[in-house]
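Note that ligands are numbered from 1 as they come in the structure, with each ligand's atoms numbered from 1 the same way. Position 1 is the first residue of the sequence; numbering continues from there.
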Amino acid sequence: MNLLERVRHGIIVSCQALPDEPLHGSAMMAHMAKAAEQGGAVGIRANTGEDVRAIKRAVSLPVIGIVKREYEGSEVYITPTSNEVDELAEAGADMIAFDATRRKRPAGQTLESLIAYMRSRDILMMADVSTLEEAVYAEKLGVNCVSTTLSGYTSYSPTGGGPDFGLVEQAAKKLRLPLFAEGRIETPEQARQMLSLGAHCVVIGSAITRPQLITQRFAAAATKGSAQSHGHEVKN
Ligand SMILES: CC(=O)N[C@H](C=O)[C@@H](O)[C@H](O)[C@H](O)COP(=O)(O)O
């Protein structure tokens with residue numbers, strides 16, 4: 001079965017921790033991926049060649065690789081150039097995800113040249129987009145699937161706070177390619193809703209693999225709760 005058939009209607013878990021996060025490190029991300037596999041995930045999304053390697057050793061799920069790297073003079077940071085593509089291909093990523101916006105890219109590369117390079121290397125391509133127009137353009141350029149990853153993270157896409165149900169619904173209707181729902185999906189109900197809107201599968205990151213953010217949500221709710229119950233006497 002090919003990768004896209006394998007992940008159909010399933011949950012992909014994004015296992016990422018940047019250097020400033022408490023769970024940073026490939027060993028930790030491999031444990032996270034194992035937990036995701038045990039829980040029924042159909043695939044993993046991971047950052048850096050090193051993490052992709054460690055995760056591939058730990059699980060038998062397909063791994064979608066990205067490299068987050070910042071370059072001066074460009075806002076594009078998800079697999080911005082062919083250097084990051086090479087790093088991921090060498091690590092054995094089963095598919096490579098990349099920023100498919102038309103924003104200025106580093107090293108004189110363009111969206112079109114990056115896609116042509118990946119095609120020449122026979123790499124499965126996942127286009128991370130922020131709008132419907134970008135999704136349609138990526139399909140035209142010949143990528144293998146599209147993800148709503150960047151909605152709310154470009155200056156011109158809506159930042160409603162929650163998941164972008166509207167973009168998923170419109171893109172799933174408009175595209176012939178599989179559309180992945182990704183970004184700020186926090187509950188099983190939201191994931192189900194994405195699938196019912198036509199998403200091919202759903203990518204969940206922070207709600208599963210960033211415990212500091214999960215704790216923050218509970219802590220905020222607790223603070224709110226204690227403010228509401230203000231006036232109740234606490235007996236020792
Ligand atoms: C915008 C950006 O850089 N997104 C990144 C892409 O790989 C990750 O930081 C996200 O965790 C991932 O997209 C999953 O989304 P969420 O963590 O919201 O479930």
Enquirer: Students often mix this up, so state it plainly: with edges at 30° and 60°, are the rings of His200 and Phe180 parallel, tilted or perpendicular?
Expert: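 Plane angle under 30°, so parallel.
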Enquirer: Any idea which atoms of ligand 1 are less than 4.0 Å away from a heavy-atom of Arg184?
Expert: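 Matching atoms, with element in brackets: 16 (P), 18 (O), 19 (O).
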Enquirer: Which of the numbered atoms in ligand 1 are below 4.0 angstrom from a heavy atom of Ile66?
Expert: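 Per the distance check, 7 (O).
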Enquirer: Check each of Tyr153, Tyr77, Phe180 against atom 2 (C) of ligand 1 and report the one with the nearest heavy atom.
Expert: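 Nearest heavy atom to atom 2 (C) of ligand 1 lies in Tyr77.
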Enquirer: At the 4.0 Å heavy-atom cut-off, does Ala207 count as touching ligand 1?
Expert: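 So Ala207 does not count as touching ligand 1.
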Enquirer: So for Lys68, does at least one of its heavy atoms come nearer than 4.0 angstrom to any atom of ligand 1?
Expert: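 The answer is yes, since Lys68 has a heavy atom less than 4.0 Å from ligand 1.
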Enquirer: Closer than 4.0 Å to some heavy atom of Gln16 - which atoms of ligand 1 meet that?
Expert: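 Answer, ordered by atom number: 6 (C), 7 (O), 8 (C), 9 (O).
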Enquirer: Would you please say whether a donor-acceptor pair under 3.5 Å links the side chains of Thr81 and Gln109?
Expert: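 Side chains of Thr81 and Gln109: no pair found under 3.5 Å.
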Enquirer: Of all the heavy-atom pairs spanning Val168 and Ala199, show the shortest one and how long it is.
Expert: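 Closest heavy-atom pair between Val168 and Ala199: CG1-CB, 4.1 Å.
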Enquirer: Measure Asp128 to ligand 1 on non-hydrogen atoms and call it side chain, backbone, both or neither using the 4.0 Å cut-off.
Expert: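 The answer is neither.
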Enquirer: Ser151 and side-chain hydrogen bond (donor to acceptor under 3.5 Å, both in side chains): which partner among Thr159, Asp128, Asp164?
Expert: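 For Ser151, the side-chain hydrogen bond (donor to acceptor under 3.5 Å, both in side chains) check succeeds only for Asp164.
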Enquirer: Compare every heavy atom of Gly49 with every heavy atom of Leu88, then report the nearest pair and how far apart it is.
Expert: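 Looking at all heavy atoms of both residues, the closest pair is CD2-N, 4.2 Å.
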Enquirer: If we only count heavy atoms from C-beta on, is the Leu150 to Ser157 side-chain gap below 4.5 Å?
Expert: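 Counting from C-beta outward, Leu150 and Ser157 never come under 4.5 Å.
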Enquirer: Name the option, out of Glu182, Arg45, Arg210, that contains the heavy atom nearest to atom 11 (O) of ligand 1.
Expert: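 Answer by nearest heavy atom: Arg210.
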Enquirer: Using a 4.0 Å cut-off to any heavy atom of Thr149, which atoms of ligand 1 qualify?
Expert: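 Those qualifying, in numeric order: 1 (C), 4 (N), 6 (C), 13 (O).
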Enquirer: So, is Ile185 polar-close to ligand 1, with some N/O to N/O distance under 3.5 Å?
Expert: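 The answer is no, given that Ile185 and ligand 1 share no N or O pair closer than 3.5 Å.
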Enquirer: Could you tell me which atoms of ligand 1, counted from 1 in the order shown, lie closer than 4.0 angstrom to a heavy atom of Ser206?
Expert: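 Contacts of ligand 1 toward Ser206, numbered from 1: 16 (P), 17 (O), 19 (O).
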Enquirer: Please tell me whether Glu134 and Tyr156 have a donor and an acceptor in their side chains that are separated by less than 3.5 angstrom.
Expert: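 Yes, because at least one side-chain N or O of Glu134 sits under 3.5 Å from a partner of the opposite role on Tyr156.
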Enquirer: With distance as the sole criterion, is a donor-acceptor pair present between the side chains of Gln16 and Ser14 under 3.5 Å?
Expert: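 Yes, because at least one side-chain N or O of Gln16 sits under 3.5 Å from a partner of the opposite role on Ser14.
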Enquirer: In terms of residue, atom name and distance, what is the protein heavy atom nearest to atom 19 (O) of ligand 1?
Expert: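 That would be Gly205 N, 2.9 Å.
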